[in-house]
Amino acid sequence: MFALCDCNNFYASAERLFRPELQGKPIVVLSNNDGCVIARSEEAKACGIRMGDPEFLVRDLIKKFQINVFSSNYVLYGDMSERVMHQLGRWFPRLDVYSIDEAFGWLGGINNLNSYVPKIRTAVVQNTGIPVSIGVAPTKTLAKLANKLAKKYNGVLVLDTDEKIASAVKDFPVHDLWGVGRQYYKKFEALKIETVAQLREMPEMWFKQNMTIMGQRMYNELWGRPAIPLDEIREATKGITVSRSFRNYIESPEILSEALTLYASRLAEKLRAQGLRCMYLQVFLYTNKNREDHPQHFPSHTHKLLIASNSTTDLVSIAVKVAQKLFKYGIKYRKAGVIATGLIPESELQLNIFSDHDGGKKDTVSAVLDKLNLAYGRGTLRMATEGFEKKWRLKHEYLSKGYTTRWSDIIKVI
DNA sequence: TCTGGGGTCCTAGGACCC
DNA sequence: TCTGGGGTCCTAGGACCC
């Protein structure tokens with residue numbers, strides 16, 4: 001049996017944990033750039049705020065109901081996530097951390113699930129302050145479904161018989177099913193398929209033909225035959241991305257270079273932190289697709305390096321050069337990013353006879369950079385092309401403190 | 001005026017190799 | 001008139017996830 005444990009309204013719950021006076025009050029958390037709503041407390045949901053709503057469209061609601069607004073504080077959420085996962089690890093022989101606020105646990109060999117599982121929930125809430133819901137079923141897909149239903153009950157739902165599964169899928173809307181997005185939902189809608197019970201009565205071939213191999217897996221999972229295994233040890237990541245929207249449109253190549261310098265620097269830091277180098281560096285630019293009156297431009301280019309690298313100077317110079325080629329005058333760019341792929345462990349560096357390997361000088365420079373920035377704060381030492389004004393940088397007006405990760409922000413009990 | 005960021009997997013086609 | 005089979009790498013796009 002699989003369990004899916006999911007933190008309730010995770011970001012909102014994490015913010016509220018350190019502001020106990022907000023207990024019972026509506027809270028929303030905004031995406032980067034304070035763009036749209038990405039988490040809501042139950043109270044905020046009741047005020048009519050929907051997931052993904054742009055902040056400027058719900059500003060009136062926020063004012064009217066005095067909703068507490070937070071910019072996203074990923075350092076805080078990351079730290080709280082680690083605590084929750086650590087607690088879960090004590091209860092499951094095998095744990096597959098699926099996202100910042102979710103994990104699949106394996107419950108093989110455990111009897112009395114109906115008394116065991118509620119204990120997990122109680123322990124996590126007690127030891128971390130974060131409320132969780134747990135759904136249990138024979139497959140991951142059904143465990144996700146059970147989890148959604150659990151939120152409506154007492155936070156726990158165990159589907160351990162065919163009868164319980166049948167009754168759970170009976171009225172469960174297909175668009176809430178794991179693996180069903182907008183496109184697949186359209187197909188179902190056309191066939192008047194509204195519930196999961198109706199969906200799983202379709203022939204297996206139909207799934208395969210209409211939803212590729214993913215659909216075939218879904219079919220088996222819905223009938224209680226596991227097709228998606230527990231993924232305990234995450235395989236090495238395939239790519240690492242750093243991308244951000246700009247606060248204002250960028251229309252000049254010089255300003256674009258500043259942004260790309262920062263993004264590529266962050267990317268190099270991420271690579272070094274994970275002990276990786278990349279063979280390919282992809283650069284992309286986006287315009288605002290929500291503005292039909294703006295000319296659109298979504299250029300992208302992948303550059304192949306001669307030698308795999310994670311050096312800030314290498315990646316910055318490539319990113320800036322590529323971006324200059326992609327850039328066109330007269331276009332309003334609102335987002336850019338860099339993606340590192342072809343990742344190899346630092347220790348497996350392959351040299352190229354045609355290139356001028358520097359014998360590790362760049363590695364030394366990078367190491368000094370990391371050391372200084374760790375000691376004195378990120379950005380203490382940086383590339384000059386990053387600029388000084390940075391008018392394009394993110395907006396986060398409602399940022400909470402680093403309650404668990406900064407000495408100066410730790411809560412004082414007086 | 002203002003609409004996130006970071007991922008995964010699958011499919012298909014073209015270039016190139018032997 | 002009729003021109004192989006099998007493979008890799010890369011790109012691009014589409015679908016999905018949180």
Side-chain angles (χ1 to χ4, degrees), chain A residues 4-11 28-39 50-60 62 69-74 77-78 81 96-104 140-141 144 147-148 174-187 208-218 227-229 231 234-249 263 266-267 270 274 279-280 282 284 286-294 298-304 332 334-343 394-397:
Chain A
L4 189 265
C5 314
D6 166 293
C7 303
N8 301 346
N9 315 325
F10 182 48
Y11 297 169
V28 295
V29 178
L30 302 179
S31 62
N32 267 331
N33 237 8
D34 293 342
C36 40
V37 175
I38 52 168
R50 287 164 309 179
M51 191 67 173
D53 276 346
E55 183 269 342
F56 71 96
L57 289 182
V58 293
R59 211 167 277 162
D60 290 344
I62 288 172
V69 179
F70 292 89
S71 302
S72 12
N73 182 344
Y74 288 104
Y77 312 149
S81 172
D96 166 3
V97 177
Y98 179 64
S99 75
I100 194 163
D101 70 334
E102 275 180 52
F104 288 101
K140 279 185 163 183
T141 304
K144 286 281 285 189
N147 176 277
K148 284 214 175 170
V174 270
H175 59 255
D176 283 342
L177 184 65
W178 193 41
V180 176
R182 216 186 277 135
Q183 300 305 316
Y184 287 154
Y185 182 59
K186 263 191 216 159
K187 287 190 181 185
K208 201 177 174 184
Q209 281 164 359
N210 288 277
M211 307 166 69
T212 75
I213 198 167
M214 311 292 279
Q216 200 173 17
R217 275 178 213 156
M218 179 183 286
I228 307 173
D231 192 4
R234 289 263 155 241
E235 291 208 7
T237 53
K238 308 241 158 72
I240 299 177
T241 306
V242 174
S243 75
R244 297 277 181 284
S245 298
F246 313 127
R247 179 187 283 241
N248 308 112
Y249 293 119
Y263 300 172
R266 287 286 301 120
L267 184 65
K270 279 189 176 184
Q274 296 186 39
M279 257 330 279
Y280 301 93
Q282 186 183 349
F284 64 86
Y286 281 176
T287 42
N288 186 350
K289 61 180 184 302
N290 294 307
R291 288 293 298 261
E292 285 173 16
D293 53 329
H294 288 180
F298 303 95
S300 127
H301 183 259
T302 306
H303 177 97
K304 183 171 186 187
K332 294 175 189 296
R334 81 167 314 261
K335 180 177 176 172
V338 282
I339 307 174
T341 53
L343 306 181
L394 286 183
K395 194 162 86 175
H396 42 235
E397 285 173 13

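Protein chains get the first letters and strands the later ones, always in sequence-line order, with residue 1 at the start of each.
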Undergrad: Could you tell me whether the phosphate oxygens of B/dC9, OP1 or OP2, come under 4.0 Å of any side-chain nitrogen or oxygen in A/K238?
TA: yes
Undergrad: So, does A/K187 get its side chain near the phosphate of C/dA15, meaning an N or O under 4.0 Å from OP1 or OP2?
TA: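 A/K187 to C/dA15 OP1/OP2: no side-chain N or O under 4.0 Å.
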Undergrad: Treating a pair as Watson-Crick (purine N1 to pyrimidine N3 plus N6-O4 or O6-N4) or G-U wobble (N1-O2 and O6-N3) with both distances under 3.5 Å, list the stems of 3 or more consecutive pairs that involve DNA chain C.
TA: B:5-18 with C:5-18
Undergrad: Taking A/N147 for its side chain and A/L4 for its backbone only, find out whether a donor-acceptor pair lies under 3.5 Å.
TA: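 Side chain of A/N147 to backbone of A/L4, a donor-acceptor pair under 3.5 Å: yes, one is there.
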Undergrad: At less than 4.0 Å, is any side-chain N or O atom of A/R247 found next to OP1 or OP2 of B/dC2? Yes or no.
TA: no
Undergrad: Counting side-chain heavy atoms from CB outward, which of C/dA12, B/dG4, B/dG6 is closest to A/V242?
TA: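 Selected nucleotide: B/dG6.
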Undergrad: Pair A/N288, A/Y249 - check side-chain hydrogen bond (donor to acceptor under 3.5 Å, both in side chains), show working.
TA: CA-CA 9 Å; A/N288 186 350; A/Y249 293 119; 3.1 Å; yes
Undergrad: Under the 3.5 angstrom rule, does the side chain of A/T341 hit a backbone N or O of A/G239 as a donor-acceptor pair?
TA: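 Between the backbone of A/G239 and the side chain of A/T341 there is no qualifying donor-acceptor contact (under 3.5 Å).
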Undergrad: Taking only the side-chain heavy atoms of A/T241 (C-beta and beyond), determine which of B/dG6, B/dG4, C/dA15 contains the nearest atom.
TA: B/dG6
Undergrad: With under 30° as parallel and over 60° as perpendicular, where do the rings of A/F284 and A/Y286 fit, or are they tilted in between?
TA: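 Taking A/Y286 first and then A/F284, their aromatic rings sit tilted (interplane angle of 30° to 60°).
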Undergrad: Under 4.0 Å, heavy atoms only, any strand: does A/I228 hit a base, just the sugar-phosphate, or nothing?
TA: nothing
Undergrad: Nearest to the side chain of A/S245, heavy atoms from C-beta on, is which of B/dG7, B/dC9, B/dG5?
TA: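 Looking only at heavy atoms from C-beta outward on A/S245, the closest nucleotide is B/dG5.
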Undergrad: Within the structure, does a side-chain N or O atom of A/S243 lie under 4.0 Å from either OP1 or OP2 of B/dG4?
TA: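 Answer no for this pair, as no side-chain N or O of A/S243 is under 4.0 Å from OP1 or OP2.
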Undergrad: Would you say A/S31 places a side-chain N or O within less than 4.0 Å of OP1 or OP2 belonging to B/dG5?
TA: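 So the side chain of A/S31 is outside the cut-off, no N or O lying under 4.0 Å from OP1 or OP2 of B/dG5.
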Undergrad: Taking CG from A/N288 and P from B/dT1, how many angstroms apart are they, rounded to a whole number?
TA: 12 Å
Undergrad: Could you check which of B/dT3, B/dC10, C/dA15 has an atom nearest any side-chain atom of A/C36?
TA: B/dT3
Undergrad: What is the nucleic acid contact for A/T237, judged by heavy atoms within less than 4.0 Å: base, sugar-phosphate only, or nothing?
TA: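 If one applies the 4.0 Å heavy-atom cut-off, A/T237 turns out to touch the sugar-phosphate alone, with no base involved.
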Undergrad: Taking OP1 and OP2 of B/dG5, is either one under 4.0 Å from a side-chain nitrogen or oxygen of A/K335?
TA: yes
Undergrad: With a 4.0 Å cutoff (strictly under), does any side-chain N or O of A/Y249 reach OP1 or OP2 of B/dT1?
TA: no
Undergrad: Can you work out whether A/H294 or A/T212 has the more 5'-proximal nearest nucleotide on DNA chain B?
TA: A/H294
Undergrad: Considering just the side-chain nitrogens and oxygens of A/R217, establish if one lies under 4.0 Å of OP1 or OP2 belonging to B/dC10.
TA: yes
Undergrad: For A/F246, which residues count as a ring pair (Phe, Tyr, Trp, His ring centres under 6.0 Å) partner, sequence neighbours excluded?
TA: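 For A/F246 there are no ring pair (Phe, Tyr, Trp, His ring centres under 6.0 Å) partners, ignoring immediate neighbours.
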Undergrad: Between A/R291 and B/dT1, is there a contact of a side-chain N or O with OP1 or OP2 at under 4.0 Å?
TA: no
Undergrad: Need to verify one output field. Residue with the more 5' nearest nucleotide on DNA chain B, A/N290 or A/R244?
TA: A/N290
Undergrad: Would you name the heavy atoms of A/Y185 and A/V180 that are closest together and state the gap between them?
TA: N-CG1, 4.0 Å
Undergrad: Using atom P of each nucleotide, how far apart are B/dT3 and C/dC17 to the nearest Å?
TA: 24 Å
Undergrad: Between B/dT11, C/dC18, B/dG4, which nucleotide has the shortest distance from any of its atoms to the side chain of A/W178?
TA: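 Nearest to the side chain of A/W178 among the choices is C/dC18.
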Undergrad: Give the minimum heavy-atom separation between A/D34 and A/H396, together with the two atoms involved.
TA: OD2-CA, 3.3 Å
Undergrad: Given B/dC2, C/dC17, B/dC10, identify the nucleotide with an atom nearest to the side chain of A/M214.
TA: B/dC10
Undergrad: How far apart are the closest heavy atoms of A/K140 and A/P229, and which atoms are they?
TA: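 That closest heavy-atom pairing would be NZ-O, 2.9 Å.
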